[in-house]
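Presented below is the structure to which this report refers.
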There are 2 protein chains.
Amino acid sequence: MTDKDIRRRTIHDVAKAAGVSISTASNALNGTGRTNAETRERVKRVAKDIGFRPNALARSLLTKRSHAIGMLTNDTYGRLTLPMAAGVSEVLVDQGLSVFLCATNNDPRLARLHLEALLDRQVDGIIFTATRLDLPPPIELSKLPIPVVYVFAEGPSDHISFVPDDAHGARLAVEHLKNSGRSRILHITGPDDYVAVRRRANAYRDSVGEGAEVLYGDWSEEWGHFAIDAVFSRTGEKPDAIFCGNDEIARGVIDALRDKGIGVPNDVAVIGFDNWEVIAKQTRPPLTTVDMELKELGRRAGLAILALAAGEDVDTGTTRLPCSLVVRKSCGGEL
Amino acid sequence: MTDKDIRRRTIHDVAKAAGVSISTASNALNGTGRTNAETRERVKRVAKDIGFRPNALARSLLTKRSHAIGMLTNDTYGRLTLPMAAGVSEVLVDQGLSVFLCATNNDPRLARLHLEALLDRQVDGIIFTATRLDLPPPIELSKLPIPVVYVFAEGPSDHISFVPDDAHGARLAVEHLKNSGRSRILHITGPDDYVAVRRRANAYRDSVGEGAEVLYGDWSEEWGHFAIDAVFSRTGEKPDAIFCGNDEIARGVIDALRDKGIGVPNDVAVIGFDNWEVIAKQTRPPLTTVDMELKELGRRAGLAILALAAGEDVDTGTTRLPCSLVVRKSCGGEL
DNA sequence: GTGAAAGCGCTAACAA
DNA sequence: TTGTTAGCGCTTTCAC
């Protein structure tokens with residue numbers, strides 16, 4: 001077996017085998033120019049027969065479209081980034097776009113390394129994802145020669161960003177609680193230096209009105225536990241519903257309530273935020289929670305990059321995508 | 001601003017600006033051939049000044065090395081794939097290699113779409129990752145013209161595979177249990193059609209010897225709960241330690257024990273498997289568990305691909321990488 | 001309708 | 001030490 005045998009077939013091989021010139025072969029294969037229908041079919045058949053696959057590198061070099069995009073992510077591949085990446089990939093793969101995944105670990109050196117590699121590879125665009133809305137990218141992304149889209153991160157106002165509508169998610173939760181007859185709704189959430197936490201808390205306050213109370217803490221089960229201990233050991237009226245800032249807190253809340261012999265959802269209804277299934281499906285009872293539709297976020301970003309790369313105009317600014325409520329038993333499921 | 005202004009600088013621009021030919025510029029920039037030190041420095045400085053960055057596409061077309069690899073994954077970006085991807089990326093980024101992430105969702109159509117795209121892009125190698133050791137890839141990977149490495153999946157024996165050493169992990173757990181004075185150790189695990197489950201169970205039996213008992217179920221907290229209910233309601237001697245097949249089961253076990261008023265670790269010690277932090281850190285008490293060193297698995301795969309792509313010989317076959325034990329309070333932490 | 005030729009940006013013989 | 005030349009595999013005018 002010689003090198004020639006193992007070498008990939010080129011368009012030269014196709015042309016020779018079909019008895020046409022390479023330009024005709026190219027035209028036939030791509031449906032460009034004018035080609036006799038019969039020749040076209042023959043060329044295509046020959047190409048298939050000898051296993052020809054075009055070299056994407058050569059094509060890109062010429063067309064200046066690499067059909068690849070880079071996804072720069074801030075976190076160590078967390079649970080947020082991945083559903084989004086799946087969404088991105090989902091809309092791109094059928095268009096023949098591939099995705100470079102670059103984990104920056106929030107390290108500027110790594111970020112610049114990845115960014116330069118992406119630029120050198122002539123990617124058609126970059127999607128930047130974070131794990132937090134209010135953290136700037138570890139590297140300047142605002143004046144690149146290619147389109148940049150932000151997901152779960154807010155870029156400059158002349159760029160395109162997709163984020164979950166936290167306020168909408170919070171309203172969804174509170175309305176559902178109200179509709180199931182609850183009136184004393186407490187909000188136990190994460191650190192108030194998160195913009196998402198403040199947005200959710202504000203929406204909660206607007207929706208609950210009189211009697212709204214927000215307890216800020218960290219993102220842990222332990223905090224949920226602690227908060228319930230505190231709330232139920234103080235005097236005065238007790239809540240009949242808890243809206244939690246994330247599922248981990250909610251799990252702590254549910255566990256603490258059970259420890260106290262307080263029934264969920266009968267005595268106190270609980271709603272979480274994130275729909276992180278490993279938690280939400282396993283609480284007892286399973287957790288009703290707000291889903292941020294991460295995959296849809298990714299899908300939208302992919303679509304935006306696609307349009308941008310095709311030279312179309314896309315509205316700039318931040319798009320807040322609606323959340324959805326996943327109803328399980330901790331509030332309102334199978335009442 | 002004309003097109004020329006926005007066009008990326010090419011090696012021509014560098015050559016012109018430095019007053020040399022493009023081959024000299026190329027040599028100077030890459031340190032190849034013989035170049036006068038002074039010219040070399042001048043060229044480099046000029047390149048930097050005008051913001052020259054080599055076009056990776058053009059370079060790859062010529063050198064036949066794309067410095068990109070594809071990572072084909074079986075699952076919807078689960079918790080296993082990502083730490084591995086991080087490991088892969090970690091060893092490759094400094095070598096200038098980028099990673100295409102391709103989620104196949106175990107769908108043959110998607111898998112072939114991605115595979116073809118990767119091949120067309122002339123990737124230097126492919127890493128296939130699964131979520132289960134005994135699931136074949138959704139597409140034939142064994143006779144590709146480029147290196148293929150399997151991680152958390154076992155390829156054909158003439159290929160290279162890296163998997164966690166399940167037996168070692170199980171022994172680690174059982175030995176730790178024994179060392180902390182336990183003698184009646186029970187194993188509650190997942191479905192026995194998983195090869196990993198059988199390997200762990202066998203190692204457990206070998207290590208425990210007399211009195212070994214394995215309870216197979218599914219991978220849920222619920223099953224852990226159920227199993228404990230069953231075991232502690234039957235007559236006869238009760239276990240003083242439980243080795244669980246994964247962290248979710250372990251969490252169910254710990255919750256069930258607490259419900260029964262059985263102290264962990266005092267009455268019964270518990271060890272899990274996976275070190276999935278969202279669970280393991282949040283059980284009460286926090287879970288001692290076996291870590292499969294997923295990132296290291298990825299790192300090794302990245303190194304293997306690197307060597308293979310460089311034409312070096314690498315031993316074929318399956319390498320089982322040792323697990324590690326993460327000691328928290330459910331057994332032996334801060335005794 | 002088809003083919004010859006130029007060239008994308010770069011590297012690598014080889015000549016000078 | 002440097003420059004000239006060919007060419008990677010492909011697309012794309014532009015004659016024929």
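Naming convention: chains lettered A, B, ... in sequence-line order (proteins, then strands); numbering from 1 in each chain. Worth saying up front: this structure is predicted, and the values here are computed from it rather than measured.
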- Item | Protein proximity profile, nucleotides 10-16 of chain D - base contact B, sugar-phosphate-only contact S, no contact -, cut-off 4.0 Å on heavy atoms | BBB----
- Note on the structure: Quick note, salt bridge (charged side-chain N to carboxylate O under 4.0 Å, His left out) partners involving residues 100-111 of chain B, not counting sequence neighbours, are A:Asp94-B:Arg109
- Message: With nearest nucleotide decided by heavy atoms, which residue, B:Arg42 or B:Leu61, maps closer to the 5′ end of DNA chain D?
- Response: B:Arg42
- Note on the structure: Ordered by number, residues from residues 112-123 of chain B within less than 4.0 Å of DNA chain C (heavy atoms) are none
- Note on the structure: side-chain contact (heavy atoms from CB on, under 4.5 Å) test vs B:Leu72 passes for just one of B:Val148, B:Leu101, B:Leu141, namely B:Leu141
According to side chain to side chain donor-acceptor pair (under 3.5 Å), who are the partners of [X], at least two apart in sequence or on a separate chain?
{"X": "A:Gln95", "answer": "none"}
{"X": "B:Ser26", "answer": "B:Asn30"}
{"X": "A:Ser98", "answer": "B:Arg121"}
{"X": "B:Thr10", "answer": "none"}

- Please collect all ring-ring contact (aromatic ring centres under 6.0 Å, His included) contacts where either partner lies in residues 92-114 of chain B, sequence neighbours excluded, each pair once. A:Phe100-B:Phe100
- ring-ring contact (aromatic ring centres under 6.0 Å, His included) pairs touching residues 298-320 of chain A, sequence neighbours excluded, are none
- Can any side-chain N or O of A:Asp124 pair as donor or acceptor with the backbone N or O of A:Ile69 at less than 3.5 Å? no
- Item | Short side-chain to backbone donor-acceptor contact, B:Thr104 and B:Thr73, under 3.5 Å | yes
- Any salt bridge between B:Glu41 and B:Arg45, counting N to O under 4.0 Å? no
- Message: Please determine whether a side-chain nitrogen of the Lys or Arg among A:Glu38 and A:Arg42 lies less than 4.0 Å from a carboxylate oxygen of the Asp or Glu.
- Response: no
- Note down the inter-axis angle between the two ends of the helix from C:dG1-D:dC16 to C:dA16-D:dT1, five pairs each, to the nearest 10°. 50°
- Reckon B:Thr39 touches a base, only the sugar-phosphate, or nothing at all at heavy-atom distances under 4.0 Å? sugar-phosphate
- Could you tell me from which nucleotide to which nucleotide of DNA chain C, 5' to 3', there is an atom under 4.0 Å from chain A heavy atoms? C:dG1 to C:dG9
- To the nearest Å, how far apart are B:Leu29 CG and D:dT2 C1'? 15 Å
- Query: Residues in side chain to side chain contact (heavy atoms under 4.5 Å, CB included) with A:Pro156, at least two apart?
  - Reply: A:Ser142, A:Tyr150, A:Asp158, A:His159
